[in-house]
Amino acid sequence: MPELPEVETVRRHLACALSGRTLERVRVRRNDMLKGGWRCRALEQELTGLRVGEIGRRGKNLIIELSGTAVLLAHLGMTGRLCVADADAPAEEHTHLIADLCDGRRLIFRDPRRFGHLELCADGRVDDSETLRNVGLDAMAGEFTARRLGEMLAGRTAPVKAALLDQRRVAGIGNIYACEAMFRAGIPPEARCGELSDEQLRRLHRAIRRVLSEAIAAEGTTIASYVTGAGVPGGFRERLRVYGREGERCRTRGCAGVIERIVQSNRSTFYCPACQR
DNA sequence: ACAACCTCCTGGGGGC
DNA sequence: TGCCCCCAGGAGGTTG
């Protein structure tokens with residue numbers, strides 16, 4: 001499930017394998033994987049012949065700069081994969097875009113569950129795109145401070161965890177890292193936004209930055225399908241302290257707690273009742 | 001404005 | 001062994 005660390009891992013891989021290459025032949029298979037009103041044929045024509053420049057990221061979105069002003073935006077949803085493969089690699093099901101590159105390899109966008117999408121901004125005004133117009137401050141950006149986090153949560157009654165998942169405020173945190181950050185900050189899952197103390201806000205901000213940094217260094221977390229650019233599982237799974245660990249012992253030294261699971265906004269929340277109070 | 005649902009989709013796992 | 005049902009969740013939409 002690509003959250004910020006997994007998307008950052010993909011970004012770094014594409015920066016090596018894709019930047020500087022020209023898209024020589026492009027095939028797009030499904031209109032319903034495209035945003036911004038694009039259709040397959042028009043997108044194929046628009047992309048053909050463009051050269052890939054820098055590759056950026058905001059939250060869980062990849063920002064692929066192309067020749068001229070064009071920018072290709074990609075969201076990987078739950079099961080999306082954007083990778084560069086050898087041209088003779090076997091074709092896989094659920095492949096929605098194939099772009100043959102000038103170096104004989106090919107860019108592939110594959111997404112079995114189809115929660116992801118692509119969008120081309122021909123004029124490069126990405127802030128106006130469907131993909132990014134509702135995406136807030138990247139969780140690893142320098143401007144994301146404990147003070148900003150406090151402003152985002154002030155006066156609201158929703159559970160803190162639900163607010164962390166809301167990409168319009170801080171972008172990049174999904175269910176796994178929301179659970180892990182809440183655990184590290186020692187904040188109980190039912191805590192509401194407006195009732196956090198300044199000390200709790202500082203702890204939560206630091207926990208978010210640390211868990212994301214560590215996960216980026218480990219090339220992300222693999223639960224089901226995600227693999228790094230090199231095609232191997234991310235290394236953070238074994239370092240998860242609560243996510244997916246219902247019924248197991250808390251890993252905090254000296255803690256006798258057992259990890260529990262509850263459902264919040266239709267999502268599983270894992271937590272340690274002893275550490276988070 | 002905000003919060004609490006619901007919906008889309010497929011692969012994998014559990015139960016019978 | 002096989003089949004059916006349920007579950008996972010990002011994000012936009014709808015309802016209250």
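Since the structure is predicted, the reported quantities are computational estimates derived from the model, not experimental observations. Hydrogens, waters and symmetry mates are skipped; everything else that's a heavy atom, side chains included, is used. Just so it is clear: chains get the letters A, B, ... in the order the sequence lines come, proteins before strands, and each one is counted from 1.
Scanning both residues, A/Ala15 and A/Ile55, for their nearest heavy atoms gives N-CD1, 3.9 Å.
Within the structure, every pair that satisfies the side chain to side chain donor-acceptor pair (under 3.5 Å) test and touches residues 42-54 of chain A, not counting sequence neighbours, is listed here: A/Arg41-A/Glu44.
Between the A/Arg209 side chain and the A/Phe144 main chain, a donor and an acceptor come within less than 3.5 Å of each other.
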Check nucleotides 11-13 of chain B for protein N or O atoms closer than 3.5 Å to its own N or O atoms and list the pairs.
| unit_1 | atom_1 | unit_2 | atom_2 | d |
| --- | --- | --- | --- | --- |
| B/dG11 | OP1 | A/His94 | NE2 | 2.8 |

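Side-chain contact check for A/His205 and A/Thr145: no donor-acceptor pair (N or O, by modelled atom type) lies under 3.5 Å. Checked by atom type, the side-chain pair A/Gln264/A/Thr269 shows a donor-acceptor distance below 3.5 Å.
Nearest-nucleotide assignment on DNA chain B puts the 5′-proximal partner with A/Arg169, out of A/Arg169 and A/Ser265.
Distance A/Met152 CE to B/dC2 P: 13 Å, rounded to the nearest Å.
Contacts of A/Arg261 with the nucleic acid, taken as non-hydrogen atoms under 4.0 Å apart, involve only primed sugar atoms and P, OP1 or OP2. Nucleic acid contact class of A/Asn266 (heavy atoms, under 4.0 Å, all strands): base.
The side chain of A/Tyr177 places no N or O atom within less than 4.0 Å of a non-bridging phosphate oxygen (OP1 or OP2) of C/dG9.
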The contact string for nucleotides 10-15 of chain C, one letter per nucleotide 5' to 3', using protein heavy atoms under 4.0 Å with B, S and - for base, sugar-phosphate only and none, comes out as BBS---

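Checked for salt-bridge contact, A/Glu119 and A/Lys35 miss the test: no charged N lies under 4.0 Å from a carboxylate O. The pair A/Asp111-A/Arg114 does not count as a salt bridge, with every side-chain nitrogen at least 4.0 angstrom from each carboxylate oxygen.
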Pair up each side-chain donor or acceptor in residues 173-180 of chain A with any protein partner under 3.5 Å, not counting sequence neighbours, and list the distances.
| unit_1 | atom_1 | unit_2 | atom_2 | d |
| --- | --- | --- | --- | --- |
| A/Asn175 | OD1 | A/Lys161 | NZ | 2.6 |
| A/Asn175 | ND2 | A/Ser268 | O | 2.9 |
| A/Tyr177 | OH | A/Glu6 | OE2 | 2.6 |
| A/Tyr177 | OH | A/Thr221 | OG1 | 2.6 |
| A/Glu180 | OE1 | A/Arg241 | N | 2.8 |
| A/Glu180 | OE2 | A/Arg241 | N | 3.3 |
| A/Glu180 | OE2 | A/Val242 | N | 3.0 |
| A/Glu180 | OE2 | A/Tyr243 | N | 2.8 |

Between side-chain atoms of residues 121-128 of chain A and protein atoms elsewhere (two or more places apart, or another chain), which donor-acceptor pairs fall under 3.5 Å?
| unit_1 | atom_1 | unit_2 | atom_2 | d |
| --- | --- | --- | --- | --- |
| A/Asp123 | OD1 | A/Arg125 | N | 3.0 |
| A/Arg125 | NE | A/Asp128 | OD2 | 3.0 |
| A/Arg125 | NH2 | A/Asp128 | OD2 | 2.7 |
| A/Asp127 | OD1 | A/Arg58 | NH1 | 3.4 |
| A/Asp127 | OD1 | A/Arg58 | NH2 | 2.8 |

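Axis deviation across the helix from B/dC2-C/dG16 to B/dC16-C/dG2 amounts to 50°, comparing end segments of five pairs, rounded to 10 degrees.
When each of A/Glu260, A/Arg245, A/Glu190, A/Gln276 is paired with A/Tyr271, the side chain to side chain donor-acceptor pair (under 3.5 Å) condition holds for A/Glu260 and for no other.
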